[in-house]
Amino acid sequence: QVQLEESGGGLVEAGGSLRLSCAASGRTFSSDTMGWFRQAPGKERRFVAAINWSSGSTSYADSVKGRFTVSRDNAKNTVYLQMNSLKPEDTAVYYCNGLPIKPGYWGQGTQVTVSS
């Protein structure tokens, strides 16, 4: 019912930046919080960052603190992930979802590749 569309990924050099978008359509989320997750080949999907739709309160995984910034535009029903100072270890497919995770809501993800 809810559609999530991740976009903005690409290939960048180490130290570069990317801005990811997560656009939601359809029915509203049952959770007030949106999270970003990433999954590298052969690894588990892991939490990256989250933001509360109403308050704007944010949280981050330790690995991205100080480099990534999550934001939202409630009018556009879109969440963003600004990624700066990218490292090769940030290479992964990035996904968004509500928190708590709603299994049926995962989008296709967007690939981020950071070269060294």
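Only this structure's heavy atoms are used, side chains among them; waters, hydrogens and symmetry mates stay out.
- The salt bridge (Lys or Arg N to Asp or Glu O under 4.0 Å) contacts involving residues 37-46 comprise Arg38-Asp90, where partners must be two or more places apart or lie in separate chains.
- Residues satisfying the side-chain hydrogen bond (donor to acceptor under 3.5 Å, both in side chains) test with Asp73, not counting sequence neighbours, are none.
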Please table the atom pairs, donor to acceptor, closer than 3.5 Å between any side-chain atom in residues 5-14 and protein atoms at least two apart or in another chain.
residue, atom, partner, partner atom, Å
Glu6, OE1, Gln108, N, 3.4
Glu6, OE1, Gly109, N, 2.9
Glu6, OE2, Cys96, N, 3.0

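- For Thr113, the side-chain hydrogen bond (donor to acceptor under 3.5 Å, both in side chains) test picks out Gln111, with sequence neighbours left out.
- Judged as a side-chain hydrogen bond (donor to acceptor under 3.5 Å, both in side chains), and not counting sequence neighbours, Glu89 has no contacts.
- Between Tyr94 and Phe68, the two ring planes are tilted [angle within 30° to 60°].
- For Ser71, the side chain to side chain contact (heavy atoms under 4.5 Å, CB included) test picks out Arg19, Tyr80, with sequence neighbours left out.
- Listed by chain and residue number, Asp62 satisfy the salt bridge (charged side-chain N to carboxylate O under 4.0 Å, His left out) test with Lys65 (two or more places apart in sequence, or in another chain).
- Listed by chain and number, the residues in a side chain to side chain contact (heavy atoms under 4.5 Å, CB included) with Ser116 are Pro88 (sequence neighbours excluded).
- Not counting sequence neighbours, the partners of Ala23 by the side chain to side chain contact (heavy atoms under 4.5 Å, CB included) test are Thr78.
- Identified under the disulfide bond (SG atoms under 2.5 Å apart) test for residues 42-71, with sequence neighbours left out: none.
- Among all heavy-atom pairs drawn from Trp36 and Val70, the shortest one is CD1-CG2, 3.7 Å.
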